[in-house]
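Reviewing the structure listed below.
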Amino acid sequence: MSFFAINDGVLHAESVALTSVAEHFGTPAYVYSRAAIESSWQQFDSALKNQSHLICYAVKANSNIAVLNILARLGSGFDIVSAGELHRVLEAGGDPAKVVFSGVGKTVSEMQFALEKNIKCFNVESANELTRLNAVAAEMNRQAPVSLRVNPDVDANTHPYISTGLKENKFGIAFESAKDVYLQAAAMEHINIVGVDCHIGSQITELSPFRDALERVLILVDELAEENIHLTHLDIGGGLGINYQGETPPSAEDYAGAIMESLKGREMELIMEPGRSIVGNAGVLITTVEYLNETPYHNFAVVDAAMNDLIRPSLYSGWHDITRIFSDTDAAEKEYDVVGPVCETGDFLGKNRTLKLAQGDLLAIHSAGAYGFTMASNYNSRPRIPEIMVDGAIMHEIRKRESWGDLINGESLLPD
Ligand SMILES: *Cc1c(COP(=O)(O)O)cnc(C)c1O
């Protein structure tokens with residue numbers, strides 16, 4: 001079911017008209033549906049009900065503490081990639097014992113913070129990181145729980161910027177070195193080997209890359225067992241795609257089913273790190289048409305949202321559906337590039353979109369719940385926009401629009 005639907009000619013989030021969100025909070029703004037987020041999470045959870053599992057939502061997809069909090073209330077774990085994300089999880093009431101820490105560049109202080117909070121596991125991405133973690137844990141007189149992120153060298157058939165599981169990508173330990181690094185880990189006094197992990201990319205719309213990755217990882221699991229290294233969990237990462245433009249990604253159920261099928265007969269806890277597939281289609285970006293600029297060559301709809309608010313179109317040619325929220329115009333249908341006010345040719349939200357538009361119209365940019373606000377910046381000194389969570393008929397402002405004061409917060413003039 002869709003949590004964003006047209007009702008009486010107006011696009012709604014659950015039972016709230018997006019026109020009233022615009023009235024209350026202005027545009028541009030991100031609007032999320034609580035029910036949509038919970039429903040996606042629950043689809044994973046129920047698909048895995050016959051399997052020992054932990055869903056570690058990937059915080060970087062959407063890290064607002066209200067989003068983290070509703071997931072924590074469902075019992076979710078979290079996949080973090082920085083100490084800042086751990087801080088958010090803790091502020092949101094998340095359980096550190098359900099946190100896994102990924103990322104290729106963990107600093108000493110990030111390791112200390114995570115060890116202090118007793119997270120579930122460090123997903124270690126290189127031999128040198130392992131050495132550092134052992135030293136940091138020794139200093140604190142702790143054992144660091146570790147899973148090695150291995151790079152299974154499979155092609156996820158996704159955009160090159162979001163593909164992470166090829167041997168030329170910077171992520172993870174090369175498959176052929178993984179056993180050696182495990183043996184090194186086993187000899188380290190302050191490392192406690194608990195699992196294995198891989199994450200092959202994002203916006204993956206077929207099952208075969210996941211199956212291929214898992215097959216390789218399981219070969220490693222068996223080789224390690226022969227060395228008397230017994231892993232208690234297997235973390236398959238995230239990366240399940242969503243529908244932006246008619247893609248037909250596998251459902252959470254089919255995805256989980258395929259993975260459980262490959263795992264059959266093994267007593268391992270299965271960890272998943274979905275991000276986009278939990279929140280991507282649970283949010284829209286609402287924006288107002290400021291100007292229609294119809295040149296002899298091209299029609300532009302200049303809106304009040306821009307690449308600094310949603311960078312996916314500029315950064316990875318991400319495609320987002322764009323629809324009118326409500327309009328009483330009987331303007332003719334035309335093809336527009338929907339662009340923002342930022343001084344960059346790359347500042348567009350959608351190209352060649354057929355729309356009936358008048359100035360002042362409200363538009364919804366769909367599928368904006370993941371990698372939207374979290375990748376926003378203040379470029380062109382644009383205050384970051386508010387985030388609104390709709391829950392049934394209620395709107396909650398879960399992040400305020402930044403002020404001009406916020407823009408220069410922390411800056412200072414040189415002395416006279
Ligand atoms: C980004 C990331 C995820 C989440 O990826 P999605 O495509 O949003 O599901 C999971 N695990 C790791 C290690 C990541 O870097």
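In what follows, residues are counted from 1 in the order of the sequence shown. Counting starts at 1 for both ligands and their atoms, following the listed order.
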For residues 171-188, tabulate all N or O donor-acceptor pairs below 3.5 Å that involve a side-chain atom, not counting sequence neighbours.
residue : atom : partner : partner atom : Å
Lys179  : NZ   : Glu227  : OE2          : 3.4
Tyr182  : OH   : Leu148  : N            : 3.3
Tyr182  : OH   : Gly195  : O            : 2.6

Can Glu387 and Tyr32 be said to form a side-chain hydrogen bond (donor to acceptor under 3.5 Å, both in side chains), step by step? CA-CA 8 Å; Glu387 295 174 284; Tyr32 311 130; 2.5 Å; yes
Considering only non-hydrogen protein atoms, determine which one is nearest to atom 7 (O) of ligand 1 and report residue, atom name and distance to 0.1 Å. Ser202 OG, 2.3 Å
Atoms of ligand 1 close to Arg276 [distance to a heavy atom under 4.0 angstrom, numbered from 1]: 6 (P), 8 (O), 9 (O)
Centres of the Phe210 and Tyr255 rings: under 6.0 Å? yes
In terms of atom number and element, which parts of ligand 1 are under 4.0 angstrom from non-hydrogen atoms of Tyr371? 1 (C), 4 (C), 5 (O), 6 (P), 8 (O)
Looking only at protein heavy atoms, which one is nearest to atom 14 (C) of ligand 1, and how far off is it? Lys60 NZ, 2.8 Å
Check whether the ring centres of Phe4 and His12 lie less than 6.0 Å apart, and answer yes or no. no
Out of Asp309, Thr288, Ile286, which one pairs with Asp304 under the side chain to side chain contact (heavy atoms under 4.5 Å, CB included) rule? Thr288
Do His230 and Asn228 have side-chain atoms, one donor and one acceptor, less than 3.5 Å apart? yes
Backbone or side chain, does any N or O of Arg149 fall under 3.5 Å from an N or O of ligand 1? no
Is ligand 1 under 4.0 Å from a heavy atom in the side chain of Glu273, in the backbone, in both, or in neither? both
Within 4.0 Å of some non-hydrogen atom of Ser102, the atoms of ligand 1 are 13 (C)
Purely on distance, is any nitrogen or oxygen of Gly239 under 3.5 Å from one on ligand 1? yes
Ligand 1 to Val81 polar contact by distance, N or O atoms, under 3.5 Å: no
